[in-house]
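Whatever order the structure lists them in is the order used to number ligands and atoms, beginning at 1.
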Amino acid sequence: MIQIENLTKRYGSTEVVRGVSLRVRQGEIAALVGTSGSGKTTLLRMINRLVEPTEGRVLIDGEDASGIQPHLLRRRIGYAIQGHGLFPHRTVGQNIATVPHLLNWSNREIDARVDELLHLFQLDPAQFRDRMPHELSGGQQQRVGVARALAARPEVLLMDEPFGALDPVIRAKAQADLLELQKKLGTTLVIVTHDMEEAIALGDHIAVMDKGRLLQYGTPKDLLTQPADDFVESLIGSAERPFRLLSLTTVADLAEQGEATGATIARTTNLRDALAECLWRGVDVLPLDGGGVVTLNALRTSGRGLAETQGEVN
Ligand SMILES: Nc1ncnc2c1ncn2[C@@H]1O[C@H](COP(=O)(O)OP(=O)(O)OP(=O)(O)O)[C@@H](O)[C@H]1O
């Protein structure tokens, strides 16, 4: 659990983070979004004391971070940044081993951990362990960057625009991999992103920042249905809101008995993707994995229901 209490950062007379309080529960993902310069990175870096707070405090599992030596704190908290930040003259294996090495793990333990993480990130150790970072694609570099941040099994992982440099297709894949991994490991995650879509896809809770202030901290649904003010509403994008709401629910909730032709879709498919699939295939019913169907009619009704809850009925 991360508790951020009334955290403020001033440079001279300028307050770049202003009295922010929020909690991230064990195993949850918090996404920090907001305009450029709103203080997201500064807030993130105060969690691992790369930036020292001017006022307020951060508790990690109840322990005041200001009482933990910064270098020890940073070994407990993984940190991954945009453009991966890999050491260019060290192999993939050496990069991943950085923190375990600092913690004096045995060579045997380190080698086993490196291979375990490479497997986890779908990079064959025999093929990738001894490569240099420049011998990897952008997506592979990014995965190694995240693997390195996770190497010493940190309780908390901080990520600053980790997928910002990736193209949209790889980015979606990287997000899905991260979600799966995070569920498996139970890591508490705080991620800074410019991309509301990414925040909605990843965040259990989303923190919206503007000019150093926290405007709203809530679930994706809270933000979509009850934006705290015009700024949050504009960031959410009112035109896309119905689609974003659709992306929060899976077809499993709308499954009906019946049969339909064509390839089945997973029950975890969200309503937006199912709607796109109907339009793309030109059908009004889709078969589901494991039996049953979802109909275009059910998707429409559900979409209308969601729109009504936010007062957008026409
Ligand atoms: N060391 C520093 N000295 C003075 N001002 C700083 C320092 N670091 C950051 N700032 C200022 O603090 C404000 C917040 O910066 P921060 O990087 O936290 O914003 P951000 O929301 O992460 O922005 P972006 O999305 O563009 O990365 C900016 O106006 C920035 O210029």
Side-chain angles (χ1 to χ4, degrees), residues 2-24 29-60 65-66 70-71 73-74 77-86 138 141-142 145-146 149 156-168 171 174-175 178 188-218 220 223 227-237 240 244:
I2 306 172
Q3 288 161 272
I4 292 176
E5 294 182 351
N6 205 23
L7 213 53
T8 293
K9 180 66 190 177
R10 270 191 290 275
Y11 291 108
S13 59
T14 314
E15 273 191 345
V16 300
V17 172
R18 307 173 176 207
V20 170
S21 299
L22 58 87
R23 273 168 193 227
V24 190
I29 302 181
L32 309 182
V33 295
T35 44
S36 181
S38 56
K40 306 179 294 292
T41 295
T42 306
L43 181 62
L44 189 79
R45 288 169 152 233
M46 285 196 278
I47 298 173
N48 65 359
R49 293 184 63 189
L50 277 173
V51 170
E52 291 292 349
T54 312
E55 277 166 31
R57 59 180 196 162
V58 176
L59 304 178
I60 310 284
S66 68
H71 70 284
L73 190 68
R74 273 169 236 147
I77 299 181
Y79 184 52
I81 54 172
Q82 177 169 358
H84 61 76
L86 296 177
Q141 289 175 354
Q142 200 64 55
V146 179
V156 173
L157 177 59
L158 308 179
M159 304 180 99
D160 197 344
E161 295 271 359
F163 308 130
L166 302 181
D167 73 61
R171 190 173 177 142
Q175 290 169 359
L178 177 70
T188 307
L189 190 67
V190 185
I191 181 167
V192 166
T193 174
H194 268 107
D195 178 2
M196 187 52 95
E197 208 78 54
E198 184 162 273
I200 291 172
L202 295 178
D204 294 300
H205 287 89
I206 299 176
V208 181
M209 308 252 324
D210 184 39
K211 302 188 188 81
R213 286 189 200 287
L214 178 64
L215 297 184
Q216 188 166 8
Y217 186 53
L223 264 68
D229 62 15
D230 292 349
F231 180 82
V232 177
E233 192 166 346
S234 70
L235 211 61
I236 289 277
E240 289 120 64
R244 287 181 166 154

* Report yes if some heavy atom in the side chain of Leu202 is under 4.5 Å from a heavy atom in the side chain of Leu189; otherwise report no. => no

* Asked: What pairs meet the salt bridge (Lys or Arg N to Asp or Glu O under 4.0 Å) rule with one or both residues in residues 189-209, with sequence neighbours excluded?
  -> Arg171-Asp195, Arg171-Glu198, Glu197-Arg244, Glu197-Arg272

* List in chain and number order the residues that pass side-chain hydrogen bond (donor to acceptor under 3.5 Å, both in side chains) with Gln216, two or more places apart in sequence or in another chain; answer none if no residue qualifies. => none

* To do: Determine the minimum heavy-atom distance between Ile47 and Ala65, stating which atoms define it.
  => O-CB, 4.4 Å

* **Point-to-point distance, once rounded to the nearest 0.5 Å, from OG1 of Thr35 to CZ of Phe231** => 4.5 Å

If you look only at distance, which donor and acceptor atoms sit under 3.5 Å apart when one is on a side chain in residues 13-24 and the other is two or more places apart or in another chain?
{"unit_1": "Glu15", "atom_1": "OE2", "unit_2": "Arg10", "atom_2": "NH1", "d": "2.8"}
{"unit_1": "Arg18", "atom_1": "NE", "unit_2": "Lys211", "atom_2": "O", "d": "3.2"}
{"unit_1": "Ser21", "atom_1": "OG", "unit_2": "Asn6", "atom_2": "N", "d": "2.8"}

* Residues in contact with ligand 1, criterion: heavy atom under 4.0 Å -> Tyr11, Val16, Thr35, Ser36, Gly37, Ser38, Gly39, Lys40, Thr41, Thr42, His194

